[in-house]
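Treat the numbers as computed from the prediction; the structure is a model and nothing was measured.
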Amino acid sequence: MALLDVQSLSVDFRTANGQFRAVDRVDVSVEEGDVLAIVGESGSGKSVSMLALMGLLPWTADITSDCMRFDGTDLATADAETRRRLVGRDVAMIFQEPMSSLNPCFTIGFQIREALKEHLDLSRSERQRRAIELLEQVGLPEPEKRLRAFPHQLSGGMSQRVMIAMAIACKPKLLIADEPTTALDVTIQAQILELLLDLQKETGMALVLITHDMGVVAETAQRVSVQYAGQKVEEQGVQALFAEPRHPYTSALLAALPERATTRHLPTIPGVVPGQFDRPSGCLFSPRCPHADERCGREQPTPADASLGHARCHYPLMAGVPRREAS
Amino acid sequence: MSRSVIVEARDLSRHYEVSGGLFGKASTVQALSNVSFTLEAGRTLAVVGESGCGKSTLARVVTMIEPPSEGTLHIDGHTVDAGEPLDASARAALRAAVQIVFQNPFGSLNPRQTIGRILEEPVLINRPDLSKSARAERAREMLELTGLRPEHYDRYPHMFSGGQRQRIAVARALMLEPRILVLDEPVSALDLSIQSQVLNLLVDLQERLGLAYLFISHDLSVVRHMADDVMVMYLGRAVETASRDELFLSPKHPYTEALLSATPVADPTHQSTRIRLTGELPSPLDPPPGCAFNPRCRNVQADCRTSRPPLSPGDHRVACFHPV
Amino acid sequence: MSSVDGYSADSADGTGNVASVARPGRFREFWSYFRENRGAVVGLAVFLLFVLVAIFADVLAPHSPTEQFRSSLLQPPAWQTGGTSEFLLGTDAVGRDMLSRLIHGSRYSFFIGVIVVVIAATSGILLGLIAGFSRGWVDTLIMRLMDILLAFPSLLLALVMVAILGPSLINAMIAIAIVLQPHYVRLTRAAVLGERAKEYVTSAQVVGAGPLRLMFVTVLPNCLAPLIVQAALSFSTAILDAAALGFLGLGAQPPTPEWGTMLADSREFVLRAWWVVTFPGLAILVNVLAINLMGDGLRDALDPKLKRS
């Protein structure tokens, strides 16, 4: 049984200008020990889907799903009590801006011990010991000293390590990392990613990495799920995705990478991601797709099967060419 | 083909006094130390580095948002000397020579001005001789040049996406027909698919208008695509300067090497020889003695801790006693 | 040469099958947030009514506010025994029609609110801009001055000023404006400090904007939201303070039908002729409440952090 099983998750926001569908029938499934990367640009809904799982969305969000199970527990129908027990203990999340994810009024030690107190039954001295242990595990030098420090005294990299320490405090089965290194410098990014992967191997926990950086995906993920404008458009193993992208969006995204540039001009994807007010009636990518035809603009595609990377496309790519035959 | 040197910077330095509060003593932050470079028309010099390396300060000094504390800057025939304040006419002339595009597309445009007004403002302030219609004409031309549409003229910034706003920022920077554009992380805040649109625009404009770019970025893959020459900075100093191909193929400074290896490659089959850099980036308030990189360097030796290596002469310059 | 495929900057391309919904304007968005707060909408409605009454006072009032009907002194309102439909809300001690006086009084209150807010806001915003932009000793001087002003109980300061300048409505308004000013200075300065750090201000400087242009054209339009809210709330404070001064005999002088002054005249009749005291008091209460509700709604609707979309 999958550790995390989400089917057809949709999130709608009630805004001043009507309903906005931020996540549209997304499936996510994670096994134990898996490393899944969810890739997308802004507006893809990648963060929102994970926040919906954790119950961290504002009251204006309407969450619907066919199935939303974590480790056997149905998250959709769980009451607040059950949810609170799960979230933070078995499922943990770290965020993009480590400097602002920590409470500036309290010491690091206080915040880590708070996380421990909430979920585990330990005495005070045990909590202190565990906190030091955790900081060592995440590679922070002089852990006792750090426990007494305030967040503003730490650098970005150190703060992120503290966040990771808090997240793994209760030995979670699943760690969701939402753009954990985007706000960090390149050399620090490499350290943090390495730390996450080491921890993952050590503890056997599953890791969901949300990012927009294809380089990070290539170096860390085992499986990749690509999202566009709130929908999942492709999911494949990482080698397969980079070698043979099935969805035109994935293919265009990879082509647009500066490191793949062969000419002075980079290949681009014309247009912008559809927002609240200009959603196409057919395939969401059709206005920008170089292979789109009349059917694409009219009819919403359904996901293909696993051999074609579950591509949400009428004509998934085979060796870079759309497969145009009756599906 | 000989190109004209438009910018020449010699030993640019910039420091700040930081007060120690009521009871502490003041300290100096050396944000920029002895940075020298030349920039020619139609070429791009990329400046790379991480937080605290001084690249943003360099951008501000070259654009004259802040004056240099030491050193000289020659821009398009005018000279900016540290300690000698500029008079109004020199300032105006320099303004028309150097302009800047900022990183954040959501903060660099005035939310309460229409695009038309945003574009016209530089001309309104600096060319009072131009009539209203001439200004508007010029603004519309610039809209077209940067890939925007005429109906965007009357709209407000919040109606545009990040990529479009960066185009508007570029358009605005070009209104005074500068010869140099300082681009401070112009695509870092943009999505990948939009990034390539803006980069293509920059390439075209450079070809068309013969602009010199000072391109500041932390993203080495973008730098590799855009730059002709690269300068790597660490804690306010240039540690390596070379042509783009030289730098990427045979980096000489251990920091450059580490930076290149730390950059993730979008290829799962790529075997990375990862050079693990330990430790944190140093704070400009408390620089390490000797070579600033010595606490984290894998080649470190005794002399690195006591004295600071100078930048070697030549085409491929490196500040290291024991280059790779 | 117009743009090529490399960087076309708009959405619908290719097949053009876009279900386009026009993006609503800023005002409509503001209105939909404002509308959610029922109290604010009621407040707005009452305020608009008040404005209309003030404008059309001459037409609406059945009698002149200063005409004394000697034969109908202290007549109770129409629904009580002894009242007539000629004087719907009764008359006061010298026979003036309450309803007409109340209607004309709205003019004075509105006048007071507008003038006070205009004076306080103008000088307050100016000082705030100067303080926020100059920093250094100018900033310190201005803020310490404002701190001193704030330390005085507002009514006391107004009293002192009026006592020096002499009791009249104009002097009362000036006094109240001076007392309300520090709020604008602080708000403006805080907003200026916040906006100054932003890149569009640096952009304007790089392009050559001088300090005046930076202050008024670049930064000020972006600081308006909290100032608008403050203006709305000061309106009610001004009316209240003017009424208080009038009650103390230091504001508008009789026979001006200003609501506070009307209260002052009628203290002694609280038991005998309740209508002479109650109606002006109610008028003040209702209007101040309406404006405060409206101001709260404005603040919630204009605060970008509370925005949901």
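- Of the possible polar contacts, none joining the Asp229(B) side chain to the Leu45(B) backbone as a donor-acceptor pair under 3.5 Å is found.
- Between Met99(A) and Leu154(A), the shortest heavy-atom contact is CE-O, 3.7 Å.
- Between Arg279(A) atom CZ and Phe20(A) atom CZ the span is 5.5 Å, to the nearest 0.5 Å.
- Not one N or O on the side chain of Gln197(B) forms a donor-acceptor pair closer than 3.5 Å with the backbone of Gly163(B).
- Ranked by heavy-atom pairs under 4.5 Å with chain A, the first of Asp219(B), Leu190(B), Ile194(B), Leu192(B) is Leu192(B).
- Checked by atom type and distance alone, the side chain of Glu219(A) never pairs as donor or acceptor with a backbone atom of Pro264(B) at under 3.5 Å.
- Neither the backbone nor the side chain of Val217(A) comes within less than 4.5 Å of any heavy atom of chain B.
- Heavy-atom pairs under 4.5 Å with chain B peak, among Pro258(A), Ala252(A), Ser155(A), at Pro258(A).
- Most heavy-atom pairs under 4.5 Å with chain B: of the set His212(A), Arg264(A), Gln239(A), this distinction falls to Arg264(A).
- Proximity to chain B is absent for every atom of Pro141(A), based on heavy atoms less than 4.5 angstrom apart.
- Interface remark: Leu259(B) contributes backbone and side-chain atoms alike to the contact with chain A (heavy atom separation under 4.5 Å).
- The candidate with the highest count of non-hydrogen atom pairs below 4.5 Å against chain A, out of Arg296(B), Glu280(B), Arg224(B), is Glu280(B).
- For Thr262(A), no part lies near chain B; criterion is any non-hydrogen pair under 4.5 Å.
- Ser188(B) approaches His218(B) most closely through the heavy-atom pair OG-CE1, 3.6 Å.
- Counting heavy-atom pairs under 4.5 Å between each of Ala190(A), Gly40(A), Ser42(A), Gly156(A) and chain B puts Ser42(A) at the top.
- For the pair Gln160(A) (side chain) and Phe95(A) (backbone), a donor-acceptor distance under 3.5 Å is present.
- Heavy atoms closer than 4.5 Å to chain A are found in the side chain of Val203(B), but not in its backbone.
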